[in-house]
Asks: 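Take a look at this one; I'll ask things after.
Labels below follow one simple rule: chain letters A, B, ... track the order of the sequence lines, proteins then strands, and each chain is numbered from 1. Note that the coordinates shown come from a computational prediction; the quantities given were computed from them, not determined experimentally.
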Amino acid sequence: MIHSKDVEVHKNKEATTNPQEFEKDLIKMEGLVLVAFVSVEDQDTYDTEIIAKQGAEVIEDAILSITSFPDKIRQKNEEIREYNRKIEKEEKKGKPRKLKELILDRELYRVDKVLVYPWAHLSKFLSSDPRAMDVCPRIAGLLQEKGIESAYSPFGWYKSFKINCLGHELAEMYRDIKLYIQPEEHLESAKFKVITPDGKELDIKFDNEKNYIRLDEIKDLDFHLFLESELGSRRVDKGEEPIHIKNMKEFELIDFEPNTDSGNLRWYTKGVIMKNLIKRYTEDSLIDFGAILVDTPIMYTVKNDKLTAQTARFPARTYWVESGNDRYLLRFAGDFLQFDMLSNMNLKPQYFPLRLYEWEQYDFRREQEGELSGLRRLRGFVMPDFHTLCKDLDSAIVEFKNQYKLDRKLEEDLGIKSNLIFRTTQDFYEQNKDWIIELINSEGKPALLELWEDRYYYFILKFERTVLSAQDKSATLATIQIDVESSLEYIEQDGKKRQKYNIKFEDTDGKVKHPVILHNSPTGGLERILWGLIEIAERDIDTCVPGFKAWLSPVQIRVLTISEEQNEYGNKIMEELNQRGFRADLDDRDESLGKKIRRAEVDWIPYTIIVGGKEEENETISIRKRLIGEKFGAKKSTSKQINNISLEDLIEMLNEDTKGFPKYKLPKPFRKFSTKVYFRK
RNA sequence: GCCUCUGUAACUCAGUUCGUAGAGUGACAGAUUCGUAAUCUGUUUGCCGGGGGUUCAACUCCCCCCAGGGGCUCCA
């Protein structure tokens, strides 16, 4: 945008085969004119009405910035005077700041008129759609409606023009406007209840400051803390760093990466081991459950209207990639390409329920800076994503119940303890409360229920499993949604048809139907699983032994020698364990046993093997089995001692402990302390 | 995006009212050859996040930037 004194545009000759009809040969505007040069990009022609509205709003904002600028400077100067006064009185150190001055007379910070001028050269990603030429007239029209005198210059012509840039602080401005399809607004009319395991509904009430008032019927403090976190009750700001950040660094699992955008992390070897174990385990479980597997690209075009209808809902949170003369967006979920793929398939009735699984490495969401937090909220993350096409709502409910059990099993196996939330409409709850209560009952603890008057989202039911952190912060891991919208050809929104994916099949009765889709992130985001595991362990650190389950621990067994004389024997045992598919390392440092044991403790090693002279002589080992998740013993002991057993006995114990879970090798440099690679130390 | 706190040795952190830095851990060396949560002694290490400014003098005061945390908002 250029703020100009007077503007003149002469129409010369057609520049395109079908230029915009425009009778006048000369546009002459006198006074203080804001000239907005406009490029219409690839995605914008999805809906020229929306993009024109956004454009007009941005121009209005610009006008406001210009007109309010002298006032802003005046305010700023008051602050500076105050600051300087403090320095004079020696209340503050430093040197006085200079007052700001307006470049031009304040009368000139005014916009009388607007000229909207199509200017292709602002973008590499121009729209080739003929509708692009509607945008400038629409913007001018919208501004005119708001009482701002506006004109537009014709599209598709060679033109000569004269502008006279005023040259003040805001005389030149640039704005990038991304198409934004706003979700329909809805009133905050949700009601919250707690459902007890025996099916009693307790209404949640709030005080004047919107804080949740604790229910007398609930005795469990952790459940209150969960409700307080979920319901946004104001808590005392502890201002503490989340505990898992220390762990993720000290264990050398994951770390911040300063050489990229915030929220995109670096994984170290042990973190990669855990990542791959969780990946393999989830994948195995999903295959057993009946899923098929796909992998879809992480970036895609914005020129597909069907995708744009969904992706343009979060333009501010999208990463853009440019390549050649095109731009692409980095996916923030896998749904789009999966659904597009499903819409192109010849779906047959016998396929249902059709279960499709993708390990999304990575998804990208450009969250606002203040929202990022350790492993809990990231900009680049890994998410297992599972979608199921069901013939109809009834079969979707049957499938939901099965997947509910699946998710619960996965969490148990990982070692996650969670709280439950069901979010749905009042009607849906009334018609389905029996089985929902049955599920809550099977957990033996209460659940939070949110009820809406109408359905505002694509799902009619959203189920979440949330974890409470050491600092009483609740976050969702697994979630299942019943989506009754995405498979349709289109929906009505604000009186407009909005495209959906049009996923359909011809049923045995000959009718074309759209399936109901379950969205399920069976474990939740991978980083968040690690967040949960560490936070859960740290939450109970005063009463319970912290640790990861044996199958998931980066190092499952540590061999300790009492003196260097046993290093050879210890090494043999360590090698044997690795060959048998377990992750074992050897602490062969010349240190006291006490020190080695302490190290194994702080490393949360599930099995610590001790070999001394006695063991070597008898060809046996002694074991400290860490009682992960159990209450501390006497004198805060963390383990159970098993003396003088054979290596085969240990392997049997390990097989029992990790039965049904995937195996993953420990890279060789990590197997001996004397040659161990550290990333941070 | 807004508000706010933090950044000091490889790691964790201390550093008063400006006067060019200290502890523990680690690493290294020596002693010890050890039986279930830290053996003893010694040595080692610094662009005090980066840039600019104020000052005779800046880790310390001011401004900008970078990175991390917390809060608001947000959470497909």
Asks: Of the nucleotides B:rG70, B:rG1, B:rG71, which one has an atom closest to the side chain of A:Lys473?
Replies: B:rG71
Asks: Among A:Tyr457, A:Tyr458, A:Phe386, A:Tyr357, which residue satisfies the ring pair (Phe, Tyr, Trp, His ring centres under 6.0 Å) criterion with A:His519?
Replies: A:Tyr458
Asks: Considering only NZ, NE, NH1 and NH2 on the basic side and carboxylate oxygens on the acidic side, decide whether A:Lys636 and A:Glu601 come within less than 4.0 Å.
Replies: no
Asks: With sugar-phosphate meaning primed atoms plus P, OP1 and OP2, does A:Ser373 contact a base, only sugar-phosphate, or nothing at under 4.0 Å between heavy atoms?
Replies: sugar-phosphate
Asks: Taking A:Arg331 for its side chain and A:Ala333 for its backbone only, find out whether a donor-acceptor pair lies under 3.5 Å.
Replies: no
Asks: What is the separation between atom CD on A:Glu591 and atom P on B:rU25, rounded to the nearest whole Å?
Replies: 12 Å
Asks: Just how far, in rounded Å, is C1' of B:rG68 from CD of A:Gln368?
Replies: 18 Å
Asks: Any idea which of B:rA76, B:rG35, B:rU73 is nearest the A:Glu371 side chain?
Replies: B:rU73
Asks: Tell me the partner of B:rU54, counting only Watson-Crick (N1-N3 plus N6-O4 or O6-N4) or G-U wobble (N1-O2 and O6-N3) with both under 3.5 Å; none if nothing fits.
Replies: none
Asks: To the nearest Å, give me how far apart CZ (A:Arg313) and C1' (B:rC75) are.
Replies: 12 Å
Asks: Round to a whole Å and report the spacing from CZ of A:Phe459 to C1' of B:rC75.
Replies: 11 Å
Asks: By nearest nucleotide on RNA chain B, pick out whichever of A:Ile623 and A:Phe314 is the more 5' one.
Replies: A:Ile623
Asks: Are any side-chain N or O atoms of A:Ser521 and backbone N or O atoms of A:Pro384, one a donor and one an acceptor, separated by less than 3.5 Å?
Replies: yes
Asks: If you take atom types as modelled and just measure distance, does the side chain of A:Arg377 reach the base of B:rC75 with a donor-acceptor pair under 3.5 Å?
Replies: yes
Asks: What's the closest nucleotide to the A:Ile562 side chain, out of B:rG35, B:rU33, B:rC74?
Replies: B:rG35
Asks: Ignoring backbone atoms, establish whether A:Lys462 has a side-chain N or O less than 4.0 Å from OP1 or OP2 of B:rA76.
Replies: yes
Asks: For B:rG7, give the paired nucleotide (Watson-Crick: N1-N3 plus N6-O4 or O6-N4; G-U: N1-O2 and O6-N3; both under 3.5 Å), or none.
Replies: B:rC66
Asks: Without swapping roles, check the side chain of A:Asn304 against the backbone of A:Lys306 for a donor-acceptor pair under 3.5 Å.
Replies: yes
Asks: Contact class for A:Arg624 (heavy atom, under 4.0 Å): base, sugar-phosphate, or nothing?
Replies: base
Asks: Nearest to the side chain of A:Arg365, heavy atoms from C-beta on, is which of B:rA37, B:rA76, B:rU33?
Replies: B:rA76
Asks: Quick check for you: among B:rG35, B:rG69, B:rU12, whose closest atom lies nearest to any side-chain atom of A:Glu241?
Replies: B:rG69
Asks: Among B:rU33, B:rG35, B:rA76, which nucleotide has an atom closest to any side-chain atom of A:Glu615?
Replies: B:rG35
Asks: Looking only at side-chain N and O atoms, does A:Ser592 come under 4.0 Å of OP1 or OP2 in B:rU39?
Replies: yes
Asks: Can you tell me how far C1' of B:rU36 sits from OH of A:Tyr607, to the nearest Å?
Replies: 18 Å
Asks: When you compare B:rA58 with B:rU16, how far apart are their C1' atoms, in angstrom units rounded to a whole number?
Replies: 16 Å
Asks: Select one nucleotide: of B:rG71, B:rU39, B:rU33, the one nearest the side-chain heavy atoms of A:Asp590.
Replies: B:rU33
Asks: Does this structure show an ion pair linking A:Asp603 with A:Arg558, if we count only N-O contacts that are shorter than 4.0 Å?
Replies: yes
Asks: Between B:rA76, B:rU39, B:rU36, which one does the side chain of A:Ile597 approach most closely?
Replies: B:rU36
Asks: Which part of the nucleic acid does A:Tyr678 contact within heavy-atom distance under 4.0 Å: base, sugar-phosphate only, or nothing?
Replies: nothing
Asks: Reckon A:Ile245 touches a base, only the sugar-phosphate, or nothing at all at heavy-atom distances under 4.0 Å?
Replies: sugar-phosphate
Asks: Partner lookup for B:rG22, please. Criteria are Watson-Crick or G-U wobble with both distances under 3.5 angstrom; report none if nothing qualifies.
Replies: B:rC13
Asks: On RNA chain B, check which nucleotide each of A:Arg589 and A:Ser262 is closest to and give me the residue with the more 5' one.
Replies: A:Arg589
Asks: Distance check, P atoms only: B:rU60 and B:rG24, in whole angstrom units.
Replies: 26 Å
Asks: Counting only side-chain N and O atoms of A:Lys636, is one of them less than 4.0 Å from OP1 or OP2 of B:rU36?
Replies: no
Asks: Between atom CG in A:Asp603 and atom P in B:rC11, what is the gap in whole Å?
Replies: 18 Å
Asks: If I take atom CG in residue A:Asp472 and atom P in nucleotide B:rG71, what distance separates them, rounded to the nearest angstrom?
Replies: 12 Å
Asks: Say we look at B:rA23 and B:rG46: how far apart would their C1' atoms be, to the nearest angstrom?
Replies: 15 Å
Asks: Distance between the C1' atoms of B:rG70 and B:rU44, in whole angstroms?
Replies: 37 Å
Asks: Under 6.0 Å from the six-membered ring centre of A:Phe69 and within 45° of its axis: does the NZ or CZ of A:Lys72 meet both?
Replies: no
Asks: With a 3.5 angstrom cut-off on both distances, give the Watson-Crick or G-U wobble partner of B:rA31, or none if there isn't one.
Replies: B:rU39
Asks: For B:rU41 versus B:rU32, give the span between their C1' atoms, rounded off to a whole number of Å.
Replies: 11 Å
Asks: With A:Glu371, which of A:Arg317, A:Arg379, A:Arg365 fulfils salt bridge (charged side-chain N to carboxylate O under 4.0 Å, His left out)?
Replies: A:Arg317
Asks: From the set B:rU36, B:rU39, B:rU73, return the single nucleotide nearest to any side-chain atom of A:Gln641.
Replies: B:rU36
Asks: Rounding to an integer number of angstrom, what distance separates B:rU12 and B:rU20 when you compare their C1' atoms?
Replies: 24 Å
Asks: For atom P, what is the distance between B:rG15 and B:rG22, given to the nearest Å?
Replies: 15 Å
Asks: Please determine whether a side-chain nitrogen of the Lys or Arg among A:Arg680 and A:Asp255 lies less than 4.0 Å from a carboxylate oxygen of the Asp or Glu.
Replies: yes
Asks: Within the structure shown, what part of the strands sits under 4.0 Å from A:Gly374 by heavy-atom distance: base, sugar-phosphate, or nothing?
Replies: sugar-phosphate
Asks: From the options B:rG35, B:rA76, B:rC34, select the nucleotide whose nearest atom is closest to the side chain of A:Ser622.
Replies: B:rG35
Asks: When you compare B:rA37 with B:rC28, how far apart are their C1' atoms, in angstrom units rounded to a whole number?
Replies: 25 Å
Asks: Starting at atom CZ of A:Arg558, determine the distance to atom C1' of B:rA37, rounded to an integer number of angstrom.
Replies: 13 Å
